[in-house]
Asker: 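Got a structure for you, questions after.
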Amino acid sequence: MAANLKSSELPEGSGSCLKEGSEGARRANAETSLRVVPRREAEVVAVARRRRFSGAEKRRLLAEADQCTAPGELGAFLRRERLYSSMLASWRKQAGAALGPQRRGPKPNASARQIQLLHRDNLRLRQKLEPAEPIIEAQKKLCTALGLPIAEETSEHN
């Protein structure tokens, strides 16, 4: 009703009350809007974590899934265990080596292993040859002194 009245039709003093009231409301809103205190949530939200299955769990679940033969039994099993059929399919592909116990650390490199073995053999043979070298040199000198052919010369002629 007061909204329909013009300011000249309002009784004296009532216009000033409306202005003060609205200014007070503005002041109160401005003050409270500056002092907004964040509310703490009382509810604790669980953080979603991806489940990890060990090799033994995967083998057990695959064995149980393979035992499901009746219609709808496999679906009930998947719902009960909260699994997807694609998980079973990928586990079946991995069934050989991936479900076994995994070795930690860097994967062995076949060529690096072979190089390591060759270096070890090379070192062993060099150590074995070291004491024989003076004897071989003495035999060569003796052969040249006696005029006998050296093993290197005979292998070239044949």
Side-chain angles (χ1 to χ4, degrees), residues 19-158:
K19 289 179 186 175
E20 288 174 11
S22 62
E23 284 179 20
R26 269 189 252 127
R27 250 185 278 133
N29 287 341
E31 289 174 10
T32 57
S33 66
L34 294 177
R35 291 184 292 152
V36 174
V37 179
R39 276 182 63 191
R40 292 185 183 176
E41 282 293 322
E43 184 179 340
V44 177
V45 179
V47 177
R49 291 213 175 121
R50 183 174 291 216
R51 292 186 300 167
R52 294 177 187 246
F53 296 95
S54 68
E57 287 176 305
K58 289 178 183 180
R59 282 190 296 273
R60 179 186 61 82
L61 291 169
L62 280 174
E64 280 186 52
D66 290 338
Q67 292 174 357
C68 297
T69 55
E73 193 176 355
L74 181 61
F77 167 73
L78 292 173
R79 284 188 297 275
R80 182 178 69 239
E81 296 292 336
R82 297 187 345 235
L83 299 173
Y84 294 102
S85 59
S86 61
M87 294 167 85
L88 294 179
S90 65
W91 292 349
R92 283 189 179 110
K93 287 180 185 175
Q94 301 170 355
L99 295 182
Q102 297 292 319
R103 293 188 61 164
R104 295 176 61 109
K107 303 295 179 240
N109 188 350
S111 62
R113 174 79 174 143
Q114 185 178 12
I115 290 170
Q116 184 182 14
L117 290 173
L118 290 173
H119 279 298
R120 188 184 312 153
D121 286 346
N122 193 358
L123 179 64
R124 181 182 54 82
L125 292 173
R126 283 179 191 266
Q127 289 174 349
K128 192 174 181 180
L129 179 65
E130 191 174 327
E133 281 182 340
I135 297 171
I136 294 170
E137 290 298 320
Q139 287 176 344
K140 284 182 184 178
K141 288 181 183 178
L142 183 64
C143 284
T144 53
L146 295 175
L148 298 172
I150 301 174
E152 296 170 355
E153 294 174 359
T154 57
S155 63
E156 291 174 4
H157 294 293
N158 291 337

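All residue numbers refer to positions in the sequence shown, counting from 1.
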Asker: Is it the case that over 12 heavy atoms from other parts of the model lie below 6.0 angstrom from the CD atom of Gln114?
Answerer: no
Asker: What distance do Glu137 atom CD and Ile135 atom CD1 have between them, rounded to the nearest 0.5 Å?
Answerer: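 So the CD of Glu137 and the CD1 of Ile135 are separated by 11.5 Å.
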Asker: Taking CZ in Arg51 as the centre, count heavy atoms belonging to other residues, nucleotides or ligands within less than 6.0 Å. Is the count above 12?
Answerer: yes
Asker: Any carboxylate oxygen within less than 4.0 angstrom of a Lys/Arg side-chain nitrogen, looking at Glu64 and Arg60?
Answerer: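 So Glu64 pairs with Arg60 through a salt bridge.
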Asker: Nearest 0.5 Å, please: how far is CD in Glu57 from CG in Leu62?
Answerer: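 Output value for this atom pair is 12.0 Å.
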Asker: Once rounded to the nearest 0.5 Å, what's the spacing between atom CZ of Arg124 and atom CG of Leu129?
Answerer: 12.0 Å
Asker: Could you name each residue pair satisfying ring pair (Phe, Tyr, Trp, His ring centres under 6.0 Å) that touches residues 110-129, not counting sequence neighbours?
Answerer: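 Qualifying pairs: none.
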Asker: For residues Trp91 and Lys58, report the shortest heavy-atom separation together with the two atoms involved.
Answerer: NE1-CE, 3.5 Å
Asker: Closest approach of Cys143 and Pro149, non-hydrogen atoms and distance?
Answerer: SG-O, 4.4 Å
Asker: Show every donor-acceptor pair shorter than 3.5 Å between a side-chain atom in residues 65-76 and any protein atom, with sequence neighbours excluded, or say none if there are none.
Answerer:
from  : atom 1 : to    : atom 2 : distance (Å)
Asp66 : OD1    : Arg92 : NH2    : 2.8
Glu73 : OE1    : Thr69 : N      : 3.4
Glu73 : OE1    : Ala70 : N      : 3.1

Asker: For Thr144 and Lys141, work out which heavy atoms get closest and say how close.
Answerer: OG1-O, 2.8 Å
Asker: Hey, what do you get for CG (Asn122) to CD (Gln127), rounding to the nearest 0.5 Å?
Answerer: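 The CG atom of Asn122 sits 10.5 Å away from the CD atom of Gln127.
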Asker: Hey, could you give me each pair passing ring pair (Phe, Tyr, Trp, His ring centres under 6.0 Å) that has a residue in residues 62-89? Not counting sequence neighbours.
Answerer: none
